[in-house]
Every structure is written in C-alpha cells, then in structure tokens.
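Report on the following structure.
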Amino acid sequence: MAASIKQMLGSDDDSLELLKVMADNSFDSILLTDATKEGKIIYTNAAFKKLTGYSSEDVVGKTPRILQGAATDKLVIERLRTALAGGGKFEGRAINYKKDGTPFIMHWRVLPIKRGGAIKAWIAIQRETSNL
Ligand SMILES: Cc1cc2nc3c(=O)[nH]c(=O)nc-3n(C[C@H](O)[C@H](O)[C@H](O)COP(=O)(O)O)c2cc1C
C-alpha cells in the first residue's frame with residue numbers, strides 16, 4: 001500500500017495529508033500514543049469522541065488507561081502489556097468506560113508503528129461491540 005500511495009501522491013506531505021483525512025473521517029475510533037513506556041495519547045479522531053465522549057483536548061497527554069475501570073478484565077490488559085513489551089500486536093475485548101461513566105465493550109487492536117526497527121508510536125483501532 002505504501003508504495004502505491006507514494007506513486008500516486010509523490011510527496012511525503014501529500015501522503016501525510018491522505019492519512020490524516022482517512023483517520024479524521026474513519027467510522028472506527030483511532031487513537032495514537034507515543035512510544036514512551038506510559039504510552040501518552042498524541043491523537044484521537046472524531047469517532048473516538050463519538051464512542052467515548054472524550055475530545056482530543058480531554059485525553060492528549062494522558063494514557064488510554066483512563067478508559068478502564070472496576071469491570072475491566074485484568075487478564076486482557078496483562079496480555080496487552082506483554083504484547084507492548086514485546087513490540088508486537090494485540091487484539092482484544094474488555095469493558096471500558098465512557099467519559100460519563102457508562103460501561104461498554106471495547107473491541108480494539110494495537111499495532112506498533114516502526115521505522116528502521118525502532119518503535120515510533122502505537123496505533124489503536126477501536127469500536128464498540130456487543131459480546132465480550
Ligand atoms: C495505542 C494504545 C491504545 C490503547 N487502547 C486501550 C483501550 O482502548 N482500552 C483499554 O482498556 N486500554 C487501552 N490501552 C492500554 C493502556 O493504555 C495500558 O497500556 C495498559 O493498561 C497497560 O498498562 P498498565 O499496566 O500501566 O495499566 C491502549 C494502549 C495503547 C498503547
């Protein structure tokens with residue numbers, strides 16, 4: 001995909017603009033964190049606000065842990081922690097909480113963004129689902 005986007009758009013700025021339009025307008029929630037140990041949020045899209053009630057201003061600089069609460073399955077989070085520590089991918093479902101405290105089932109994937117072997121950021125694709 002990267003090669004065909006580059007061929008079509010030519011410059012890095014145009015490719016970035018395309019990815020931004022895709023992320024901003026995605027029906028799924030998209031969240032990016034930096035590559036620090038805590039994983040601080042650097043971007044969330046409009047679908048994240050629709051899903052969780054949190055705006056980007058609410059969450060940038062915080063960690064996605066703010067979505068967790070008493071009923072969040074600790075084993076799922078442990079599996080995510082292991083995947084993050086190993087630089088690998090994660091997919092799972094767990095109870096998360098909206099800004100107003102309403103619980104819902106989050107189904108999400110986390111993937112590393114790597115350049116030259118080093119992790120530069122993490123991306124999550126998230127949606128609400130009906131079964132754990
Ligand atoms: C990109 C990214 C997205 C994440 N999204 C969620 C999420 O939607 N729901 C959730 O419960 N935890 C999510 N997490 C997990 C927490 O941020 C955190 O990594 C996890 O709780 C393990 O850290 P801890 O041991 O400090 O709690 C995400 C983590 C990353 C890196």
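Everything numeric here is computed off the predicted structure, so don't read it as measured data. The first residue of the sequence shown is numbered 1, and numbering continues consecutively from there. Both counts, for ligands and for their atoms, begin at 1 and track the order of listing.
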Nearest heavy atom to atom 11 (O) of ligand 1 wins, so pick from N96, I125, L67.
-> N96
Residue selection (non-hydrogen contact nearest atom 17 (O) of ligand 1) among P112, P64, G39 |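 Selected option, by shortest heavy-atom distance: P64.
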Ligand-side contact atoms (ligand 1) for residue partner [X], heavy atom cut-off under 4.0 Å:
{"X": "L31", "result": "1 (C), 3 (C)"}
{"X": "A124", "result": "1 (C), 3 (C)"}
{"X": "I77", "result": "11 (O), 20 (C), 21 (O), 22 (C)"}

Consider only side-chain heavy atoms of I, L, V, M, F, W and Y, link residues closer than 4.5 Å, and tell whether [X] and [Y] are in one cluster.
{"X": "L67", "Y": "I95", "result": "no"}
{"X": "I113", "Y": "Y43", "result": "yes"}
{"X": "V59", "Y": "W108", "result": "yes"}
{"X": "M106", "Y": "I77", "result": "yes"}
{"X": "I119", "Y": "L80", "result": "yes"}

Protein heavy-atom partner closest to [atom] - residue, atom, separation in Å:
{"atom": "atom 15 (C) of ligand 1", "result": "L80 CD2, 3.2 Å"}
{"atom": "atom 6 (C) of ligand 1", "result": "W108 NE1, 3.1 Å"}
{"atom": "atom 25 (O) of ligand 1", "result": "R81 NE, 2.4 Å"}

Heavy-atom count around K98 NZ within 6.0 Å, excluding the residue itself: above 12?
-> yes
Does any N/O atom on [X] come nearer than 3.5 Å to any N/O atom on ligand 1?
{"X": "R65", "value": "yes"}
{"X": "Q126", "value": "yes"}
{"X": "T33", "value": "no"}

Hey, are D34 and T36 close enough side-chain-wise for a donor-acceptor pair under 3.5 Å?
->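 Yes.
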Is it the side chain (CB and beyond), the backbone, both or neither of [X] that lies under 4.0 Å from ligand 1, heavy atoms counted?
{"X": "L84", "result": "side chain"}
{"X": "L32", "result": "neither"}
{"X": "E38", "result": "neither"}
{"X": "Q68", "result": "side chain"}

Can you name the one residue among L84, L111, V110 that meets side-chain contact (heavy atoms from CB on, under 4.5 Å) with F90?
->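 Among L84, L111, V110, the one that satisfies the side-chain contact (heavy atoms from CB on, under 4.5 Å) with F90 is V110.
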SB check E17 K20 (cutoff 4.0 Å) | no
Which of these passes side chain to side chain donor-acceptor pair (under 3.5 Å) with S29: R127, E128, Q126?
->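 Single pass found, and it is Q126.
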